[in-house]
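Only one structure is covered here, and it is reproduced in the block below.
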2 protein chains.
Amino acid sequence: MSDLLERLRGRGWRMTAQRRVVAEVLDGDHVHLTADEVHARAVEKLPEISRATVYNTLGELVSLGEVLEVSTDRRAKRYDPNAHRPHQHLVCARCGAIRDVHPVGNPLADLPDTERFGFTISDVEVTYRGTCPNCAAG
Amino acid sequence: MSDLLERLRGRGWRMTAQRRVVAEVLDGDHVHLTADEVHARAVEKLPEISRATVYNTLGELVSLGEVLEVSTDRRAKRYDPNAHRPHQHLVCARCGAIRDVHPVGNPLADLPDTERFGFTISDVEVTYRGTCPNCAAG
DNA sequence: TCCTTGACTTGGACAAAGTCCATTGTAGGA
DNA sequence: TCCTACAATGGACTTTGTCCAAGTCAAGGA
């Protein structure tokens, strides 16, 4: 993650305590926090940080391509620091757990020309839904 | 669509003017209206219909499997009366136009066992994003 | 080290989408 | 026709997120 901080500094980001804390919260694998969750964890490290700043910072990280926005349900957006390797998402319909997954092949190849209606397609998003082992056991 | 009304009556739905109007609005191919759009069109036919009733009715149609909820963007949910043939969605990133599309093959086959983390997968949702011919020309 | 400046942060107001609930109305059966 | 359970209504409320004016501060220069 200090990698990230370095890259951001290199891009002319002004380094503030708030931005550092948000970047630290978004560290790890299979991390998919909502903005409010990021805020809650940031507050533990920096009690005065405001919601607006968390939203601003997340938005900047997304524009810079350092974090991905994920919408696996129609509730809050989630922020995924795994922006460096393309992947899709597997979601537990019961508990909401999210895993990054890597399907083989190119999903775009499955859409025939006759089904493209003249669109220029630039991106495919796949969400697998099911029940995670935990919920299946419970 | 009178098919739909018949089916609903058969399932013990109490038929009201409001429900009939909502069902009528949701008729056709490539229809992907938001709840507010459904309400706006319903009001033209039945001026006193309330927003809450539109939400209730849409929710019921979804539970009954007669209409699908689609979340192609982070804004309002859209309601898709094409619930009888499985399909995916193609979305214009510029203007938001949505088309139903039918990819070949089973997208589930592309996810190796090692990438399933013990989940039992029941559903795959694919969203293709790009630029529609109209927006590309403009 | 201290100043300056423009970028950053803050809190609160605001907005969009949707839910909830008490009250009122009505479809459909007896 | 009358009853009654189910449905509709509208307004308050919630969640998620955006916007803004005012205050604060990081970082480069003197």
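A note on names: the letters A, B, ... follow the listed sequences, proteins ahead of strands, and every chain is numbered from 1.
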message = Check this for me, if you would: do B:Glu24 and B:Arg41 make a salt bridge, where the nitrogen-to-carboxylate-oxygen distance has to be below 4.0 angstrom?
response = no
task = State which of D:dT16, C:dT10, D:dG17 makes the closest approach to the side chain of A:Ile49.
result = C:dT10
ask   = OP1 or OP2 of D:dG17 sitting under 4.0 Å from any side-chain N/O of A:Tyr55?
value = yes
Check ion pair B:Glu60-B:Arg19 (N to O, under 4.0 angstrom) = yes
Just the table, please: protein N/O against nucleotides 28-30 of chain C N/O, every pair under 3.5 Å.
residue	atom	partner	partner atom	Å
C:dG28	OP1	B:Met15	N	3.1

ask   = How is A:Ala52 classified with respect to the nucleic acid when contacts are heavy atoms under 4.0 Å: base, sugar-phosphate, or nothing?
value = base
key: Gap between atoms CD and C1', on B:Glu60 and C:dT19 respectively (whole Å)   = 14 Å
task = Evaluate the criterion side chain to side chain contact (heavy atoms under 4.5 Å, CB included) for residue pair A:Val62 and A:Lys77; output intermediate values, then yes/no.
result = CA-CA 12 Å; A:Val62 170; A:Lys77 286 184 235 179; over 6 Å; no
Strictly under 3.5 Å: I want the nitrogen or oxygen pairs between protein and nucleotides 13-16 of chain C, one per line.
none

query = Of the nucleotides C:dC8, D:dT16, C:dG12, which has the atom closest to the A:Arg19 side chain?
reply = C:dC8
ask   = Side chain of B:Asn56: nearest nucleotide among D:dT9, C:dT10, C:dT9?
value = D:dT9
query = Quick one: is D:dT9 close enough that its OP1 or OP2 comes under 4.0 Å of any side-chain N or O from B:Thr53?
reply = yes
message = By the ring pair (Phe, Tyr, Trp, His ring centres under 6.0 Å) test, which pairs, at least two apart or in different chains, include something from residues 61-109 of chain A?
response = A:His32-A:His89, A:His87-A:His89
query = Taking only side-chain nitrogens and oxygens of A:Gln18, does any of them come within less than 4.0 Å of OP1 or OP2 of C:dT10?
reply = yes
